[in-house]
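See structure below.
The residues of the chain are indexed from 1 along the displayed sequence. Note that these values count all heavy atoms, side chains included, but never hydrogens, waters or copies made by symmetry.
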Amino acid sequence: MIAVNPDVLFITYVDKQTADELQLQTGVPVVVLSYGGASRASFEINTVYESLTLAGDITGTGKRAEDVIEYMKQNFEDLNQRTKNITENEKPTVYLGGIAKSGSQGITSTQYKFLPFEALSAKNVVNELELGKSPQQTFVDKERLISWNPNYIFIDEGSFNGIKEEYEKNPELFNSFTAFNGGNTHAVLPITSYTINIGTLLADSYYIGKTIYPDQFNDINSEEKADEIYGFLVGKGVYNQMKSDYGGFGKIDSNTFEIK
């Protein structure tokens, strides 16, 4: 860090003492940014906006920070507007399997208050566990997952290969799910690697929304929307690269466990 001679260091997930020690060791001003909590699964969008504003002010890119914040707000509001009038009785139940934790995990690794489900006000079966206010990775018993039998199952592609091996070893588990046999199991891009990628969070939300609420998202092409999001946030539409790296959006074939 000293060798590249930065004017400022940005850091996350540390306390004030750690930041002060780093500043003392390097002689470079240290600024702490936050996603809204100590956990890497924590996410509070207004805190993210505050962090972007602070970073923009310090780096002289305040206008860009404002534009990014406004773009995020527009997309989250669009997701809300599309789904706000769907009654609880009309909502299918949903589940996400394969949330990574210190490496890839199996089908029973999931997220309480999974952020794309929250953005869509979807009926996440895991939320009945009532684990608190913040999103968090958790494991569920296979028996509980079978009893939930969600209408839609989504697989986090960060753990896709491991879950495919799990399927090959224990196809009976997967065949016990109506969603798997009925063609309602889908792959989504991983939104978390060390921390949350907000662009992928939004891209996944639109794909999941189109999957479970097709009428409300009938004007959305999920891959084109993903490229629009990536293009605005990182300057390039990188969905095809994400698809090459992870597998991309798609339905999982119940016979081959391949993404179609």
Side-chain angles (χ1 to χ4, degrees), residues 39-41 83 86-193 200-201 204-205 207-214 222 246-260:
S39 163
R40 292 180 185 273
T83 59
I86 303 173
T87 67
E88 286 300 304
N89 289 336
E90 294 174 312
K91 294 177 181 179
T93 53
V94 294
Y95 174 83
L96 175 88
I99 284 284
K101 183 177 178 65
S102 301
S104 66
Q105 299 291 336
I107 188 72
T108 61
S109 176
T110 187
Q111 189 178 70
Y112 173 74
K113 293 193 174 181
F114 179 55
L115 291 167
F117 292 166
E118 295 295 295
L120 295 162
S121 297
K123 194 179 291 186
N124 182 0
V125 293
V126 181
N127 287 1
E128 76 172 42
L129 299 179
E130 298 183 351
L131 300 178
K133 294 182 179 180
S134 300
Q136 57 182 282
Q137 186 270 350
T138 189
F139 291 93
V140 297
D141 295 334
K142 291 178 181 178
E143 293 76 16
R144 186 188 290 269
L145 181 53
I146 292 169
S147 70
W148 279 333
N149 195 22
N151 299 125
Y152 288 87
I153 293 175
F154 295 90
I155 301 296
D156 185 310
E157 289 177 330
S159 296
F160 183 82
N161 290 335
I163 292 181
K164 184 177 180 180
E165 290 178 7
E166 187 178 16
Y167 161 75
E168 291 168 349
K169 293 176 181 176
N170 187 11
E172 293 81 10
L173 171 63
F174 290 81
N175 287 327
S176 67
F177 301 127
T178 303
F180 188 70
N181 291 311
N184 286 332
T185 299
H186 294 255
V188 292
L189 298 168
I191 69 168
T192 305
S193 179
T200 303
L201 188 169
D204 275 7
S205 296
Y207 176 73
I208 293 169
K210 187 173 181 67
T211 300
I212 65 176
Y213 306 132
S222 302
Y246 294 104
F249 301 137
K251 189 177 292 187
I252 296 175
D253 188 284
S254 60
N255 295 312
T256 64
F257 215 86
E258 298 294 335
I259 302 168
K260 298 194 298 183

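- Rounded to the nearest 0.5 angstrom, Ile163 CD1 and Ile155 CD1 are separated by 4.0 Å.
- To the nearest 0.5 angstrom, Tyr213 atom OH is 5.0 Å from Lys91 atom NZ.
- Atom NZ of residue Lys123 and atom CD of residue Glu128 lie 11.0 Å apart, to the nearest 0.5 angstrom.
- Between the side chain of Tyr246 and the main chain of Phe160, no donor-acceptor pair closer than 3.5 Å is present.
- Residues Phe180 and Tyr167 place their aromatic rings such that the two centres sit under 6.0 Å apart.
- Using a 4.5 Å heavy-atom threshold, the side chains of Ile259 and Glu157 count as touching.
- For the pair Thr93 (side chain) and Asn151 (backbone), a donor-acceptor distance under 3.5 Å is present.
- Residues passing the side chain to side chain donor-acceptor pair (under 3.5 Å) test with Ser222: none are found, sequence neighbours excluded.
- Glu172 is linked by a side chain to side chain contact (heavy atoms under 4.5 Å, CB included) to Asn170, counting only residues two or more places apart in sequence or in another chain.
- The two residues Ala119 and Ser205 make their nearest non-hydrogen contact at CB-OG, 4.0 Å.
- The distance from the OH atom of Tyr152 to the CG atom of Asn124 is 15.0 Å, given to the nearest 0.5 Å.
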- Task: Mind running side-chain hydrogen bond (donor to acceptor under 3.5 Å, both in side chains) on Glu118 and Asn127 for me, showing each step along the way?
- Result: CA-CA 10 Å; Glu118 295 295 295; Asn127 287 1; 3.1 Å; yes
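- Across all non-hydrogen atoms, the minimal contact from Leu120 to Gly209 is CD1-N, 3.6 Å.
- For Lys260, the salt bridge (charged side-chain N to carboxylate O under 4.0 Å, His left out) partners are Asp253, not counting sequence neighbours.
- Checked against a 6.0 Å centroid threshold, the rings of Phe114 and Phe154 do not count as neighbours.
- In this structure a side-chain-to-backbone donor-acceptor pair under 3.5 Å is missing from Glu90 to Ile86.
- Side chains of Ser134 and Lys113 form no contact here, defined as non-hydrogen atoms less than 4.5 Å apart.
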- Task: Kindly determine whether Trp148 and Val126 satisfy side-chain contact (heavy atoms from CB on, under 4.5 Å), including the steps that lead there.
- Result: CA-CA 9 Å; Trp148 279 333; Val126 181; 4.0 Å; yes
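- Nearest heavy atom pair, residue Gly98 against residue Ser159, reads O-OG, 2.6 Å.
- Ile208 has its side chain out of reach of Val94: every pair of non-hydrogen atoms, C-beta onward, lies at least 4.5 Å apart.
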- Mind running side-chain contact (heavy atoms from CB on, under 4.5 Å) on Thr192 and Gln137 for me, showing each step along the way? CA-CA 11 Å; Thr192 305; Gln137 186 270 350; over 6 Å; no
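- A distance-only check finds a donor-acceptor pair linking the side chain of Ser109 to the backbone of Ile99 [under 3.5 Å].
- The two atoms that bring Pro150 and Tyr95 nearest to each other are CG-CB, 3.6 Å, heavy atoms only.
- With Lys164 contributing its side chain and Glu258 its backbone, the two residues share no donor-acceptor pair below 3.5 Å.
- Of all the heavy atoms in Ser104 and Gly158, the pair that sits closest is CB-O, 3.7 Å.
- Contact check for Asn184 versus Thr211: no side-chain heavy atoms found under the 4.5 Å cut-off.
- Distance alone, capped at 3.5 Å, is enough to place a donor-acceptor pair between the Thr110 side chain and the Leu96 backbone.
- Applying side-chain contact (heavy atoms from CB on, under 4.5 Å) to Phe174 and the options Ile107, Asn181, Ile252 leaves one that passes, Ile107.
- Using cut-offs of 30° and 60° on the angle between ring planes, the pair Phe249 and Tyr207 is parallel.
- A heavy-atom distance below 4.5 Å is not found between the side chains of Gln111 and Asp156.
- Rounded to the nearest 0.5 Å, atoms OG (Ser176) and CG (Asn149) are 7.0 Å apart.
- Of all non-hydrogen atoms in Lys101 and Phe139, the two that sit nearest each other are CD-CE1, 4.5 Å.
- To the nearest 0.5 Å, the span separating OG on Ser147 from CG on Asp141 amounts to 9.0 Å.
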